[in-house]
Amino acid sequence: MFSLFYGLYKYLFSKTEFHVLILGIDKAGKTTLLEKLKSLYSNLEGLPPDRIVPTVGLNIGRIEASNSKLVFWDLGGQPGLRSIWEKYYEEAHAVIFVIDAACPSRFEDAKSALEKVLRHEDLQGAPLLVLANKQDLSEAVSSEELARYLDLKKLDERVYMFEAVSAFDGMGIKEGVEWLVEVMERSKRTETLRIRAGVNGPT
Ligand SMILES: Nc1nc2c(ncn2[C@@H]2O[C@H](COP(=O)(O)OP(=O)(O)OP(=O)(O)O)[C@@H](O)[C@H]2O)c(=O)[nH]1
Ligand SMILES: [Mg+2]
């Protein structure tokens, strides 16, 4: 009984905590982005880029943005680690997919990794933010060019946006996060996850 009321209370009054998965192939800049997010949205200094090593486990970052709580899950993108991604799909409200926009030789790899993510049924209806990262480098392509290159076919009904960013200097990151919060707040998937959490009670 308690758990029923607690679930109802939580459903009605608590601030939603959004879980955002940060995916992308190795060296795209996911962890650098996570550290930049922490320093942009909190008083904490994120790790400087030269202290960041390739990710093997899971990095977690929590921020508050646009009056919402966001929890980011940053996973390793090396080929042997990508099979772990799907374990996090069910609980994710949205996905950020990071691409190194200055490295066209890896666009094909990024495209097929992203297509596989989008095909997975556990991510149905999850809003998608594709980041064309490393815009501080002169050879980086724009977000429009990257979108043209990826030519994604599986986006039909999905809410998505491409954004040009630099995890080094922070360009475009706040715009992307603001968009993400707005669409997650309105998304049917958020409602589904909220009901499921309420039904299951406190964990
Ligand atoms: N110039 C530039 N370099 C970046 C940027 N973001 C990341 N890098 C560099 O790209 C390399 C990879 O960055 P990581 O953040 O470790 O990449 P990752 O996607 O987390 O890689 P995995 O953990 O192996 O999946 C590092 O040398 C970073 O310093 C950026 O915005 N601009
Ligand atoms: Mg990493």
Value for CZ (Arg148) from OG (Ser142), rounded to nearest 0.5 Å, stands at 6.5 Å
Sequence neighbours excluded, the answer for salt bridge (Lys or Arg N to Asp or Glu O under 4.0 Å) partners of Asp109 is Arg82, Arg106
Beyond-backbone contact of Leu81 with Leu75, side-chain heavy atoms, under 4.5 angstrom | no
Discussion item. Quick one, Leu23 and Tyr88 - any side-chain contact, counting heavy atoms below 4.5 Å?
Written reply: no
**Asked** How far apart are the C-alpha atoms of Val177 and Leu70, what are their side-chain angles, what is the distance that settles it, and do they pass the side chain to side chain contact (heavy atoms under 4.5 Å, CB included) test?
**Response** CA-CA 10 Å; Val177 169; Leu70 273 69; 4.1 Å; yes
For Pro54, does its backbone N or O pair with a side-chain atom of Asp26 as donor and acceptor, under 3.5 Å?
no
Next on the checklist: Checking Gln135 against Glu163 for the side chain to side chain contact (heavy atoms under 4.5 Å, CB included) test, could you report, in this order, the C-alpha distance in whole Å, the side-chain angles of both residues, the deciding distance, and whether it holds?
Outcome noted: CA-CA 10 Å; Gln135 293 294 322; Glu163 179 83 32; over 6 Å; no
Keeping the roles fixed (side chain from Lys38, backbone from Gly61), state whether a donor-acceptor pair exists under 3.5 Å. no
If we ignore hydrogens and angles and just use 3.5 Å, is the side chain of Ser42 paired with the main-chain N or O of Ser39 as donor and acceptor? no
Interatomic distance, OH@Tyr149 vs NZ@Lys111, rounded to 0.5 Å, equals 7.5 Å
Cluster overlap Met161 with Leu33, hydrophobic side-chain contacts below 4.5 Å: yes
I'd like to know if Glu178 and Lys174 make a salt bridge, using a cut-off of under 4.0 Å between side-chain N and carboxylate O. no
The single option from Ile52, Val98, Asp74 that satisfies side-chain contact (heavy atoms from CB on, under 4.5 Å) with Leu34 is Asp74
### Intermediate values then yes/no, side chain to side chain contact (heavy atoms under 4.5 Å, CB included), Val117 and Leu123
CA-CA 8 Å; Val117 169; Leu123 275 177; 3.5 Å; yes
Which is it for Phe97 and Leu128 under the side chain to side chain contact (heavy atoms under 4.5 Å, CB included) test, yes or no, and what are the steps along the way? CA-CA 7 Å; Phe97 196 90; Leu128 169 73; 4.1 Å; yes
Exercise. Taking a hydrophobic cluster as the set of Ile, Leu, Val, Met, Phe, Trp and Tyr residues connected by side-chain heavy atoms closer than 4.5 Å, whether directly or through intermediates, do Ile84 and Val71 fall within one such cluster?
Worked result: yes
Contacts satisfying ring-ring contact (aromatic ring centres under 6.0 Å, His included) that involve residues 15-66 (not counting sequence neighbours) are Phe18-His93, His19-Trp73, His19-His93
Only residue of Arg194, Lys188, Arg189 satisfying salt bridge (charged side-chain N to carboxylate O under 4.0 Å, His left out) with Glu191 is Arg194
Task: Heavy atoms of other groups near Phe107 CZ, more than 12 under 6.0 Å - done: yes
